[in-house]
Amino acid sequence: MFTGIVEELGTVVDVTDVGDAARLTFRGPLVLEGTGLGDSIAVNGCCLTVVEAIASDPDGPIDSFTADVMAETLHRTSLAGIAAGDAVNLERAVTAEKRLGGHIVQGHVDAYGEVLARTPSEHWEVVEVSLPRDLNRYVVEKGSITVDGVSLTVVEVKDDSFTISLIPETLARTTLGARAVGDRVNLEIDVIAKHVEKLLAHRVEGQ
C-alpha cells in the first residue's frame, strides 16, 4: 500500500524487452534506503517488485533497482512507453509508522488517461485529464484520485475528463510538472468507492 506522496523523482536507466514482458531498471537512491529484494516500490503509480538492487559505483551505495513488468501492466499503464532517461515518480510502500499524507493507494492502475489541457496561473496550474467513461462514477469533486502515483484532489468532473490543481511543490517534485498535452498518465481511482459499489450491488440483489 502507498499514500500517493512521491518521495523521489527517479530516472529510467534501462528498458529490456523480454517478449511478453519487460525488465525495467530505475535509479532512485532515496527509495532504496531500507528497501530489499521483494519489496514494493510504486513507479508512476504502478506497484513493482524489486528483483535486483544495483550500485552504479562498485564501491558506492545501492542506487538503482530492477523490476519485471508483465504484459497486463504494459497494456494498462503508461510504462509501455517509457524509455531510458525518462523521469519517474517513486514511492516506497507505506509502513505503520508513516503518516498517511495522501490517501489509500494500492499501486494497481485502473487505466491511463491523457493530458487534455494545462491552464497556468500565478501560483498553481489546472490540468485536465481524460477519464474512461466506465470510471467516471468513481470520481467525485473534492474526492481523491491518483495520477502517475500522485495523490490529488479532484476539482471538477466532466463526462469523460476531470481537472486537478497542481501546487508549485507538485509541479517541481513530480513528473506532472513536465507532462505535456497528449501525454499519457496512469490513473487509480479511490479503492473505497469500488468496494462500496460492490457491497451495495449485492445488497440490492438480495432485496
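- When the options Glu188, Glu91, His103 are evaluated for a side chain to side chain donor-acceptor pair (under 3.5 Å) with Ser151, the one that passes is His103.
- In the displayed structure, Ile54 atom CD1 is contacted under 6.0 Å by more than 12 heavy atoms of other residues, nucleotides or ligands.
- Residue pairs satisfying the salt bridge (Lys or Arg N to Asp or Glu O under 4.0 Å) criterion with at least one member in residues 73-83, sequence neighbours excluded, are listed as follows: Glu72-Arg76.
- For the atom pair Glu8 CD and Ile41 CD1, the distance stands at 9.0 Å (nearest 0.5 Å).
- Within the 4.5 Å cutoff, no side-chain heavy atoms of Leu187 are placed close to those of Asp110.
- Ion pairing of Asp39 with Arg92 is absent here, as no side-chain N (NZ or NE/NH1/NH2) approaches a carboxylate O to less than 4.0 Å.
- Glu128 has no carboxylate O lying under 4.0 Å from a charged side-chain N of Arg118, or vice versa, which leaves the two without a salt bridge.
- Using a 4.5 Å heavy-atom cutoff, the side chains of Ile189 and Thr146 are not in contact.
- Pairs of residues two or more places apart, or lying in two chains, never qualify as ring pair (Phe, Tyr, Trp, His ring centres under 6.0 Å) while including a residue from residues 128-168.
- Side chains of Leu116 and Val181 form no contact here, defined as non-hydrogen atoms less than 4.5 Å apart.
- Taking all atoms of both residues into account, the shortest heavy-atom contact from Thr170 to Thr174 is O-OG1, 2.7 Å.
- By the ring pair (Phe, Tyr, Trp, His ring centres under 6.0 Å) test, Phe26 is found to be paired with Phe65, residues two or more places apart in sequence or in another chain being considered.
- Among pairs with a residue in residues 176-200, none fulfils ring pair (Phe, Tyr, Trp, His ring centres under 6.0 Å), at least two apart in sequence or across chains.
- Partners of Glu197 according to the salt bridge (Lys or Arg N to Asp or Glu O under 4.0 Å) rule, which considers only residues two or more places apart in sequence or in another chain, are Arg137.
- Looking only at distances, no side-chain donor or acceptor of Thr25 sits under 3.5 Å from a matching main-chain atom of Thr66.
- Between atom CD of residue Glu156 and atom OG of residue Ser165 there is a gap of 12.5 Å, rounded to the nearest 0.5 Å.
- Shown are Val88, Asn44, Asn89, Val31; of these, the side chain to side chain contact (heavy atoms under 4.5 Å, CB included) with Val6 is made only by Asn89.
- A distance-only check finds a donor-acceptor pair linking the side chain of Asp63 to the backbone of Ser56 [under 3.5 Å].
- Within the structure, salt bridge (Lys or Arg N to Asp or Glu O under 4.0 Å) pairs that include any residue of residues 161-179 comprise Asp148-Arg179, Glu169-Arg173 (at least two apart or interchain).
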